[in-house]
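To keep things clear, I will list the structure first and then write my remarks on it.
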Amino acid sequence: MAKLFRAVIMGPPGSGKGTISERIAQRFGLTHLSSGDFVRENIAANTDAGVLAKTYIERGLLVPDHVMTRLLLPRLEEMTRHSWLMDGFPRTLAQAKALNSTCDLDLVISLNIPYETLKDRLSDRWIHPASGRVYNMGFNPPRVQGRDDISGEPLIHHDDDKPEALVARLRQYKDLAKPIINLYKSKGILHTFSGTDTDRIWPYINSLLSTKIPSTSQTDTQRIPMP
């Protein structure tokens with residue numbers, strides 16, 4: 001049986017985590033676990049943890065550690081036979097430690113994108129709230145302006161994606177991410193990629209993963225909703 005491979009991708013808002021995660025999933029057969037998808041799924045299903053998470057989201061607050069771990073860790077414990085890539089978790093050191101107690105990570109990808117690039121991307125970003133699908137008017141526009149491709153429902157532009165809110169979001173991300181990055185660096189599994197263009201960063205990530213993931217582990221690709 002091929003060795004399982006578990007990885008995490010980190011980066012600030014607008015860094016391209018979702019796009020790169022999808023490419024990794026398709027290229028290497030990892031199951032893409034999106035924490036944002038899973039949160040939405042639990043809210044829609046009215047689970048206890050989902051109801052709790054919703055109370056924080058509606059107030060514009062981060063979902064606290066004990067709720068996020070309650071949402072995600074049981075699902076990860078079910079993934080004992082899958083290789084996966086986690087996008088959006090952990091976001092705090094406490095979450096990272098909880099994840100470490102559940103499984104051993106093989107690799108952590110950290111995206112380092114300049115502020116001006118993030119500002120440009122987020123100013124053009126529109127979202128379908130129910131599914132979390134993201135569009136960018138510059139390079140990934142919806143087929144019908146202002147409407148989701150699949151449901152046809154209206155897209156929204158988050159206030160916290162606007163330039164005046166972005167500085168605070170980036171500061172918060174850096175403050176929370178720094179101890180996580182130090183933890184994974186100390187374990188020797190952190191790999192940082194810098195740049196302004198996802199298409200230029202991708203070949204380096206692809207090359208790294210090609211040396212890390214045995215071809216025998218490149219199996220079915222699927223996206224499992226998570227937060």
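What you see is a predicted model, and the numbers here were worked out from it, not measured in a lab.
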Gap between atom [atom2] of [Y] and atom [atom1] of [X] - 0.5 Å precision:
| X | Y | atom1 | atom2 | value |
| --- | --- | --- | --- | --- |
| L33 | M79 | CG | CE | 4.5 Å |
| L85 | I109 | CG | CD1 | 6.5 Å |
| K17 | I113 | NZ | CD1 | 10.0 Å |
| E153 | R133 | CD | CZ | 8.5 Å |

Does some side-chain heavy atom of D48 sit less than 4.5 Å from a side-chain heavy atom of L52? no
Considering only heavy atoms from C-beta outward, does the side chain of K174 approach that of K178 to under 4.5 Å? no
So for atom [atom1], which belongs to [X], do other residues, nucleotides or ligands contribute more than 12 heavy atoms lying within a distance under 6.0 Å?
| X | atom1 | result |
| --- | --- | --- |
| D175 | CG | yes |
| R59 | CZ | yes |
| Q145 | CD | no |

Side-chain heavy atoms nearer than 4.5 Å, only ILVMFWY residues, links allowed to pass through others: does that put [X] and [Y] together?
| X | Y | answer |
| --- | --- | --- |
| L176 | I181 | no |
| L107 | I201 | yes |
| F193 | L170 | yes |
| V39 | V51 | no |

Donor-acceptor pair, [X] side chain versus [Y] backbone, under 3.5 Å?
| X | Y | result |
| --- | --- | --- |
| R125 | V134 | no |
| R6 | L105 | no |
| T102 | A98 | yes |
| Q172 | A168 | no |
| S207 | P203 | no |
| S110 | T192 | no |

Can you name the closest pair of heavy atoms from L71 and A49 and give their distance?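 Scanning both residues, the minimum pair turns out to be CD2-CB, 3.5 Å.
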Which pair of non-hydrogen atoms, one from L166 and one from Y115, has the smallest distance, and what is that distance?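 Closest approach of L166 to Y115, heavy atoms only: CD2-CE1, 3.8 Å.
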Cation over ring, R169 on Y173, under 6.0 Å and within 45°?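 No, R169 and Y173 do not form such a contact.
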Show your reasoning for whether salt bridge (charged side-chain N to carboxylate O under 4.0 Å, His left out) applies to R75 and E41. CA-CA 12 Å; R75 175 62 70 92; E41 181 186 87; 3.3 Å; yes
May I have the step-by-step check of salt bridge (charged side-chain N to carboxylate O under 4.0 Å, His left out) for D106 and K3, ending in yes or no? CA-CA 11 Å; D106 297 286; K3 179 186 180 299; 2.7 Å; yes
D148-Y135 side chain donor-acceptor pair, cut-off 3.5 Å: yes
Side chains of D120 and T117: any donor to acceptor distance under 3.5 Å?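 No - no donor-acceptor pair under 3.5 Å links their side chains.
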Pair D199 + R23: basic N to acidic O under 4.0 Å: yes
